[in-house]
Amino acid sequence: GENLSGLRVRYKGDERESALTLLGVVSEMRLASFGQLFTYAEEDHMSKGRELEARTLYGPAMAEHQRAIKEQSEQAAEAHYRIGTLSNMLGNTEGALREFKAALPVNPNHAEAKKAVAAFYLNHGAAARQQKRLSDATKDLWEAVNADPSSSAAHLELGKIYEESG
């Protein structure tokens with residue numbers, strides 16, 4: 001094949017194939033617009049999603065994270081967590097909880113997802129306690145403790161409930 005500025009080009013039948021070596025990574029590329037067919041290495045949807053998040057383009061960022069869940073299974077837990085974080089920022093706390101919980105079966109050790117689930121239930125439990133809905137508060141606060149047993153705030157709120165209920 002030809003060598004054009006570090007780009008090694010091979011020809012196979014009527015189809016042109018290019019192999020690009022960049023930092024030790026070889027990817028086959030095919031570009032249809034020039035009559036060549038290019039295939040790209042698997043896209044890094046998580047990186048694209050984070051870039052979009054940084055630019056406050058939350059909808060497109062969430063779409064990239066959804067693609068990561070479907071196409072990059074090793075990134076699924078983090079992708080669910082990122083979607084949950086963005087959902088929470090946009091005021092969709094129930095949707096955020098669903099995403100945080102979806103991260104945990106994929107990676108039961110995802111510390112941020114555990115803490116996010118615990119924080120959701122802690123907030124709900126503390127609000128229920130203040131409204132004197134002690135049964136609801138107890139249920140939510142135990143959910144917080146189960147999600148993150150190290151949550152001193154959840155334990156403290158449970159203590160307040162037991163103190164108030166005599």
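These numbers come from a predicted model, not from an experiment. The figures that follow rest on heavy atoms only: side chains count, while hydrogens, waters and symmetry mates do not.
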Looking at [Y] and [X], is there a salt bridge between them, counting it only when a charged N and a carboxylate O are closer than 4.0 Å?
X	Y	value
Lys48	Glu51	no
Lys114	Asp148	no
Glu163	Lys160	no

Can you give me the closest heavy-atom contact between [X] and [Y], atom names plus distance?
X	Y	answer
Ala147	Ala118	CB-N, 3.8 Å
Thr85	Phe100	N-CE2, 3.5 Å
Met46	Ala68	SD-CB, 3.7 Å
Ala77	Ala103	O-CB, 3.3 Å
Tyr58	Leu90	CD1-CD2, 3.9 Å
Ala102	Pro105	O-CD, 3.3 Å

[X] side, atom [atom1]; [Y] side, atom [atom2] - distance, nearest 0.5 Å:
X	Y	atom1	atom2	value
Asn146	Tyr121	CG	OH	10.0 Å
Glu78	Asn107	CD	CG	9.0 Å
Glu157	Thr138	CD	OG1	10.5 Å

Would [X] and [Y] show up in the same hydrophobic cluster when neighbours are defined by side-chain heavy atoms closer than 4.5 Å?
X	Y	value
Ile69	Met62	yes
Leu141	Tyr162	yes
Ile161	Leu122	yes
Leu97	Leu104	yes
Met89	Ile83	yes

Within the distance-only criterion (no hydrogens, no angle test), does the side chain of [X] pair as donor or acceptor with the backbone N or O of [Y] below 3.5 angstrom?
X	Y	result
Asn88	Gly84	no
Glu99	Ser87	no
Lys139	Gly125	no

message = Quick one, Ser150 and Lys115 - any side-chain contact, counting heavy atoms below 4.5 Å?
response = yes
query = Are the side chains of His80 and His110 in touch, meaning some heavy atoms are under 4.5 Å apart?
reply = no
note = side-chain hydrogen bond (donor to acceptor under 3.5 Å, both in side chains) test vs His65 passes for just one of Gln72, Glu53, Gln75, namely Glu53
message = Which residue in the set Lys70, Gln66, Glu64 passes side-chain hydrogen bond (donor to acceptor under 3.5 Å, both in side chains) when paired with His45?
response = Glu64
